[in-house]
Undergrad: 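Here it is, the structure in full.
What's counted below: heavy atoms across the whole structure, side chains too, no hydrogens, waters or symmetry copies. Note on naming: letters A, B, ... go to the chains in the order of the sequence lines (proteins, then strands), and numbering restarts at 1 for each one.
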Amino acid sequence: MTEKKETKLVSVPSTTMIPERDINKPLVLEAIHLGIEFGGLKAVEEFNIGIGATEIAGLIGPNGAGKTTIFNLLTKVYQPTHGMILLDGKDTAGMNTTQVNKEGIARTFQNIRLFDKLTVEENVKVGLHNHINYHVPASILRTPKYWKEEKKAHMRALELLDIFDMADMADVPAASLPYGAQRRLEIVRALATEPKLLLLDEPAAGMNPAETEELMNNIKKIRDEFQIAIMLIEHDMNLVMGICESIAVLNFGKVIAKGTPSEIQNNPQVIEAYLGSRKEEKA
Amino acid sequence: MKVLSKLSKRGFLNYAIVIAFYLVFQILSVTGNLSSSLSGQLIPIVAYVIMALALNLVVGISGELSLGHAGFMSVGAFTGAIVATALQASVPNGILRLVIAIIFGAIFAALMGVVIGIPVLRLNGDYLAIVTLAFGEIIKNLLNCLYVGVDGKGLHFSLTDANSMNLEADGITILNGPMGALGITKISTFTSGIILLLIVLFIIKNLVNSRTGRAIMAIRDNRIAAEATGINVTKYKLYAFVTSAALAGSAGALYALNYSTVVPKKFDFNTSILILVFVVLGGIGNMTGSIIAAAVLTILPELLRQFQDYRMLVYAIVLILVMLITNNEKARATMVMLRKKISRGKGKEAQS
Ligand SMILES: Nc1ncnc2c1ncn2[C@@H]1O[C@H](COP(=O)(O)OP(=O)(O)OP(=O)(O)O)[C@@H](O)[C@H]1O
Ligand SMILES: [Mg+2]
C-alpha cells in the first residue's frame with residue numbers, strides 16, 4: 001500500500017511538484033538530478049524540483065536532511081557535483097553566488113547573516129546595490145545623479161521596510177535589532193535585490209506564535225505584491241501547511257515525498273521519517 | 001531633504017579638526033612660536049595622517065589587513081621625486097610640479113595596488129597581509145638597486161650602477177640606488193599638504209557614503225551574505241585596496257618632496273607597522289581617531305626631546321592612554337554621545 005501511494009506522489013524524474021497545477025505555470029526554477037557529495041557523504045542526491053513563477057513551495061525534513069544544503073546549491077554557495085539548475089530556463093552552471101543573485105535568486109540564512117555594523121536602512125540599500133545607477137566618480141564628486149539615486153534608494157528602502165513595519169528602525173545598527181526583526185530584515189534585504197525566486201531558510205525560527213502568524217500573512221502578501229516564487233524551509237508545520245501550495249519532504253538527502261499539504265500530511269513515509277527522527281533524538 | 005542633510009552632516013568633524021590643526025600651527029609659525037624641529041615635522045605629520053587614513057580604508061572599512069603600506073608610500077615618494085626632478089626645467093612653477101608629482105605618485109602606487117590586489121583579493125582569507133608584507137620588502141630592495149637619471153634625451157634607468165646609465169654631461173642622477181633620491185627641490189608646503197589631506201578626507205568620506213562604500217562594508221561584515229545580495233566581492237575589495245594604495249602614494253610624494261634626499265630604507269616594515277599602530281590606536285574604522293593618533297604620535301617624539309631619558313617612557317604611557325581611550329567601550333560611548341550632541345547642535349542651527 002505504501003508503495004502505491006509513493007508512485008502516485010513522487011513522479012521522478014518529472015521535476016514538477018504538483019503536475020496538475022504546474023503544467024500551466026511557467027517554471028521559474030528547475031533542478032534536475034541535483035546532488036552534492038562532501039568527501040563521500042551524499043548530502044543531497046537526485047533532487048528534482050520545479051517551482052512555478054508565483055508558487056509558494058515548502059521544503060521540509062528532519063534535522064540534517066539536507067535542506068539548507070539545497071539552498072546552498074541553488075545559490076552556488078556550494079557547487080553541485082551532480083545535476084543542473086535552470087533559472088527561468090537558463091542553466092546556472094559556472095555561475096557564482098553573485099551572478100545567481102543578479103539572475104534572480106535571493107535568500108535568507110538559517111544562521112542570520114546581516115551586515116551588523118551597517119544600519120537597517122543601509123542593509124536594505126546593499127540589497128538595492130544593483131539597482132542604484134551611479135559609479136565611483138559620481139559618488140566622490142557628489143553629482144546630481146548621485147543625490148537623485150541616493151534619494152530614490154532611500155525612499156525605496158523605507159518602502160520595503162514598511163512591509164514589516166520596520167521603517168522607524170531605519171537608523172538602528174542591524175546587530176542591535178531583536179532576533180525576530182533581524183529575520184525580517186534579512187527578508188527585506190533579499191527582496192530589495194528584486195528576485196524572481198526568494199529562498200527563506202527557517203524564517204519563523206525563534207518567533208512566537210503571534211509573530212509566526214504575522215509572518216505567514218506577510219509571506220503571502222509578498223508573493224501577491226511582488227508576483228514572485230517563494231521556497232521556504234520551515235520546521236513550523238502550521239506555517240508550512242498554512243501557506244505552501246506544494247511541499248517536498250527530504251530525508252537523508254533524498255526526496256521521500258512531494259505533493260500538496262494534505263497529501264503530505266497523510267503520507268505514511270513522511271510520518272515515519274518524522275517519527276523515526278524523533279526516536280533518534282530521544283535515544 | 002532629511003537624507004541630504006544627514007549625509008552632508010557626516011564627517012564634518014574631521015574637516016574641522018584638520019582646519020583647526022592647520023590654523024594653530026600656522027599661527028604658531030607666523031608668530032615665531034614654533035621650534036624649528038617641530039616646524040620641520042609639519043609635512044611628515046600630514047603625510048602620516050594621510051597614510052593612517054589610507055590604511056584605515058583597508059583595515060577598517062574593507063576589513064583586510066595590509067602589512068606593507070609603507071611600500072605604496074615608497075612607490076609614491078620615488079615616483080614623485082623622479083617626476084618633480086625631471087620636470088624641474090619644463091615646469092618652473094613649484095606648486096604645479098608638486099601637483100603633477102603627487103598625481104603620478106598616486107597613479108603608480110595605484111598600479112602596484114592593482115598588480116597585488118587582482119590575484120590576492122580573489123582568495124578568501126588573510127592572504128593580503130602576507131603578500132603586502134612581502135611587497136613592502138621587495139619594493140625596498142628593488143629601489144635599493146634602482147638608478148634613475150635624466151638628461152637632454154629623457155629618463156635613463158639602470159639596475160647596476162649610476163655610470164651604466166651613460167648620462168650626458170648635463171645629466172643628473174635622480175635616484176642613486178641605496179643612497180636614494182638626491183638633490184630633490186623641496187616643493188612641498190604645509191598648506192599644500194593640508195589641502196591634500198582635506199581632499200583625501202573628502203574622497204574617503206564620499207566613497208564610504210555611497211553604494212560602493214556600502215558594498216565594501218557589507219563584504220567586511222559578512223562576505224557570504226554580500227555575495228548572496230549580488231555584490232561582486234573581488235571587485236569591491238579591489239576598489240578599497242587600490243584607492244588606499246593611491247592615497248598612500250600621494251602621501252609618499254608629498255613626504256619625499258619635503259626633503260632634499262630620501263632613502264628607500266625609510267619606508268620599511270617598521271614604517272608599515274607604525275602606520276598600522278596609528279590605525280589600531282585611533283580605532284579601526286574610525287577616521288577621526290586615525291587623524292588624531294597619527295598626528296599626536298608623530299609630534300610626540302619631537303615634543304619629548306627635552307625629557308631625554310624619559311622620552312620612551314612617556315611615549316609608552318601616551319600609547320597606553322590613547323589605546324585605553326579610543327578602544328574602551330565606555331570612552332567610545334561618551335565620544336559617540338558627544339558627537340551626537342555636536343551634530344544635533346549643528347542640526348538645530350541649520351534649521352533655525
Ligand atoms: N560544508 C559541508 N561539509 C561537510 N558536510 C556538510 C557541509 N554542509 C552540510 N553538510 C552535511 O550535510 C548534511 C545536511 O545538512 P543541512 O545543513 O543541509 O541540513 P538541514 O536539513 O538544513 O538541517 P537543519 O534542519 O538542522 O537545518 C548534514 O549531515 C551536514 O553535516
Ligand atoms: Mg538547515
Undergrad: What residues of residues 133-140 of chain A sit under 4.5 Å from chain B when only non-hydrogen atoms are counted?
TA: A/Tyr134, A/His135, A/Val136, A/Ser139, A/Ile140

Undergrad: Would you compute the distance between atom CG of B/Asn232 and atom OG1 of A/Thr97 and round it to the nearest 0.5 angstrom?
TA: 11.5 Å

Undergrad: If you count heavy-atom pairs under 4.5 Å between each of B/Ala215, B/Ala228, B/Gly285 and chain A, which one has the most?
TA: B/Ala228

Undergrad: Is it the case that over 12 heavy atoms from other parts of the model lie below 6.0 angstrom from the NZ atom of A/Lys221?
TA: yes

Undergrad: From A/His129 NE2 over to B/Thr212 OG1, what is the distance, rounded to the nearest 0.5 angstrom?
TA: 6.5 Å

Undergrad: Looking at B/Lys235, I want to see if its NZ is surrounded by more than 12 non-hydrogen atoms of other residues, nucleotides or ligands under 6.0 Å.
TA: yes

Undergrad: Using the rule given for side-chain contact (heavy atoms from CB on, under 4.5 Å), can you reason through A/Tyr146 versus B/Asn206, listing the C-alpha separation, both sets of side-chain angles and the distance that settles it, and then say yes or no?
TA: CA-CA 10 Å; A/Tyr146 164 87; B/Asn206 288 359; over 6 Å; no

Undergrad: Do you know which two heavy atoms are closest between A/Phe109 and B/Ile224, and how far apart they sit?
TA: CE2-CG2, 3.7 Å

Undergrad: May I ask you to list the residues in residues 183-193 of chain A that approach chain B closer than 4.5 angstrom, counting heavy atoms only, ordered by number?
TA: A/Arg189, A/Thr193

Undergrad: Could you measure the distance from the CZ atom of A/Arg113 to the OG1 atom of B/Thr229? Nearest 0.5 Å is fine.
TA: 11.0 Å

Undergrad: Can a salt bridge be assigned to the pair B/Arg214 and A/Glu150 using a cut-off of 4.0 Å between side-chain N and carboxylate O?
TA: yes

Undergrad: Please list every donor-acceptor pair under 3.5 Å in which a side-chain atom of residues 157-165 of chain A meets a protein atom from a residue at least two apart or in another chain.
TA:
| from | atom 1 | to | atom 2 | distance (Å) |
| --- | --- | --- | --- | --- |
| A/Glu159 | OE1 | A/Arg156 | NH1 | 2.7 |

Undergrad: Checking side chain to side chain contact (heavy atoms under 4.5 Å, CB included) against B/Arg211, which of A/Leu128, A/Ile132, A/Val126 comes through?
TA: A/Ile132

Undergrad: Surrounding OH of B/Tyr127 (heavy atoms of other residues, nucleotides or ligands, distance under 6.0 Å), is the total greater than 12?
TA: no

Undergrad: Report, in residue-number order, which members of residues 65-76 of chain A are under 4.5 Å from chain B by heavy-atom distance.
TA: none

Undergrad: Distance from B/Asn222 atom CG to A/Leu114 atom CG, nearest 0.5 Å?
TA: 8.0 Å

